[in-house]
Amino acid sequence: VGTRQMTAYGRMITRLIAHQLVSNGANIISGFMYGVDLCAQQTALEKNGYTLGVLGYGFDHVFPAAHQAIMVEMLQTGRACFISEYPPYTRPTKGTFPRRNRLIAGLSLGVVVTEAGPRSGTQITVKYALENGRDVFAVSGPVTSIYHEGVKKIINQGAILVGSGVAV
């Protein structure tokens with residue numbers, strides 16, 4: 001999981017880790033938003049892995065609208081599925097996305113953060129993961145990047161620092 005405003009470094013490390021995780025039999029669970037989420041999910045499918053998208057709205061909406069075609073393409077692989085706790089006709093709001101983050105954390109064995117701002121939805125997912133005894137992993141990044149500020153915060157909360165998706 002991570003920022004929606006992914007940097008080139010974030011894209012590179014997200015793709016690397018997602019590929020390595022999938023190669024080791026892991027499935028990618030994320031929030032199907034642009035940025036880190038979508039990058040990880042698309043990488044999983046490119047590498048013949050599986051992915052689960054947890055939506056922050058009802059099934060008759062796709063947000064952003066441009067993701068409609070991406071969702072259809074992902075579903076056509078037979079290796080992607082989407083879930084939502086919201087009934088049809090529930091529109092996405094600022095409150096529905098943070099709420100769904102508990103499902104992302106709860107369905108995951110571990111949460112990997114590649115880039116995150118200091119006050120982002122990623123911080124909410126990490127909070128839920130830690131509260132529920134899930135492992136949290138964080139990737140160090142350029143210390144001058146705003147998207148490393150949230151990662152530093154996560155590391156200070158006890159996340160395990162990683163540089164790959166391969167067990168040492």
Side-chain angles (χ1 to χ4, degrees), residues 1-6 10-11 13-22 24-45 49-59 61-64 67 70-71 74 79-87 90 92-141 147-167:
V1 296
T3 184
R4 293 180 184 177
Q5 290 83 34
M6 187 170 42
R11 178 175 311 286
I13 199 68
T14 299
R15 288 184 55 78
L16 172 71
I17 290 177
H19 176 201
Q20 291 170 334
L21 289 170
V22 165
N24 285 291
N27 299 320
I28 302 299
I29 300 171
S30 204
F32 191 60
M33 284 305 297
Y34 47 91
V36 170
D37 289 359
L38 188 57
C39 180
Q41 291 185 270
Q42 288 178 315
T43 301
L45 295 175
Y50 293 85
T51 187
L52 171 70
V54 182
L55 306 177
Y57 42 83
F59 278 110
H61 294 281
V62 176
F63 182 82
H67 277 90
I70 296 168
M71 180 185 274
M74 290 172 73
R79 291 177 281 109
C81 72
F82 296 90
I83 63 169
S84 177
E85 68 181 312
Y86 298 105
T90 302
T93 68
K94 284 187 175 187
T96 58
F97 291 105
R99 181 171 165 79
R100 65 93 202 265
N101 289 355
R102 76 189 197 297
L103 299 176
I104 295 168
L107 290 166
S108 302
L109 294 175
V111 173
V112 179
V113 179
T114 57
E115 282 189 311
R119 295 167 30 130
S120 67
T122 301
Q123 301 296 333
I124 296 167
T125 306
V126 166
K127 178 178 92 58
Y128 286 128
L130 292 171
E131 286 174 358
N132 291 287
R134 302 299 193 259
D135 288 327
V136 176
F137 305 92
V139 177
S140 182
Y147 302 113
H148 184 64
E149 290 300 313
V151 174
K152 287 189 286 191
K153 181 178 176 181
I154 292 163
I155 291 168
N156 288 331
Q157 293 174 325
I160 301 163
L161 187 61
V162 296
S164 76
V166 179

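This one's a predicted model, so the numbers in the text were calculated from it and none came from an experiment. For reference, positions follow the sequence shown, starting with 1.
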task: Starting at CD of Q157, measure out to CD of Q123 and round the result to the nearest 0.5 Å.
output: 6.0 Å

- line: dist F82:CZ -> L52:CG (nearest 0.5 Å) comes out at 8.5 Å

query: Is a side-chain N or O of H67 found less than 3.5 angstrom from the main chain of V62, in a donor-acceptor match?
result: no

- request: Report yes or no: does R79 contribute a side-chain atom to a donor-acceptor pair with the main-chain N or O of G49 at less than 3.5 Å?
  value: yes

query: Of all heavy-atom pairs between I28 and A44, which one has the smallest distance, and what is that distance?
result: CG1-CB, 3.6 Å

message: So, taking the atom named NE2 in H148 and the one named OG1 in T3, what distance separates them when rounded to the nearest 0.5 Å?
response: 14.0 Å

query: If you measure from OG1 on T43 to CD1 on I17, what distance do you get to the nearest 0.5 Å?
result: 11.0 Å

message: Do I160 and V136 have side chains that approach each other closer than 4.5 Å (heavy atoms only, starting at C-beta)?
response: no

task: Return yes if some donor-acceptor pair links the side-chain N/O of N101 with the main-chain N/O of G121 below 3.5 Å, else return no.
output: yes

field: I29 vs V54 side-chain heavy atoms within contact, under 4.5 Å
entry: yes

message: As a quick check of understanding, evaluate side-chain contact (heavy atoms from CB on, under 4.5 Å) for S140 and L161, giving each step before the final call.
response: CA-CA 7 Å; S140 182; L161 187 61; 3.8 Å; yes

- prompt: With distance as the sole test, does Y86 use its side chain to make a donor-acceptor pair with the main-chain N or O of T96 at under 3.5 Å?
  reply: yes

query: For the residue pair S164 and Q20, what are the closest heavy atoms and their distance?
result: CB-OE1, 3.1 Å

task: Mark yes or no for whether T14, through its side chain, and G10, through its backbone, hold a donor-acceptor pair below 3.5 Å.
output: yes

query: For the atom pair OH (Y147) and OG1 (T114), what is the distance rounded to the nearest 0.5 Å?
result: 12.5 Å

- line: Interatomic distance, CD@E149 vs OG@S120, rounded to 0.5 Å, equals 11.5 Å

statement: Paired with V113, the side chain to side chain contact (heavy atoms under 4.5 Å, CB included) test is passed by just one of I154, I155, V36, T125, namely I154

field: Any P92 side-chain heavy atom under 4.5 Å of F97 side chain
entry: yes

- prompt: Donor-acceptor pair, T90 side chain versus P87 backbone, under 3.5 Å?
  reply: yes

- prompt: Which heavy-atom pair separates G2 from T122 by the least distance, and what is that distance?
  reply: CA-OG1, 3.2 Å

message: Going by side chain to side chain contact (heavy atoms under 4.5 Å, CB included), F32 matches just one of I70, I104, D37. Which one?
response: I70

- request: Check V111 against A105 and note the closest heavy-atom contact, atom names and distance.
  value: CG2-CA, 4.4 Å

- request: Determine whether M74 and M71 make a side-chain contact, defined as any pair of heavy atoms from C-beta on separated by less than 4.5 Å.
  value: no

- prompt: Does any pair with a residue in residues 120-139 pass salt bridge (Lys or Arg N to Asp or Glu O under 4.0 Å), and if so which ones, sequence neighbours excluded?
  reply: K127-E131

task: Scan for salt bridge (Lys or Arg N to Asp or Glu O under 4.0 Å) pairs involving residues 98-115, sequence neighbours excluded, and state none if there are none.
output: E85-R99, E85-R102

message: For a quick test of reading the model, state the closest non-hydrogen atom pair linking K153 to P118 and the distance between them.
response: NZ-O, 3.5 Å

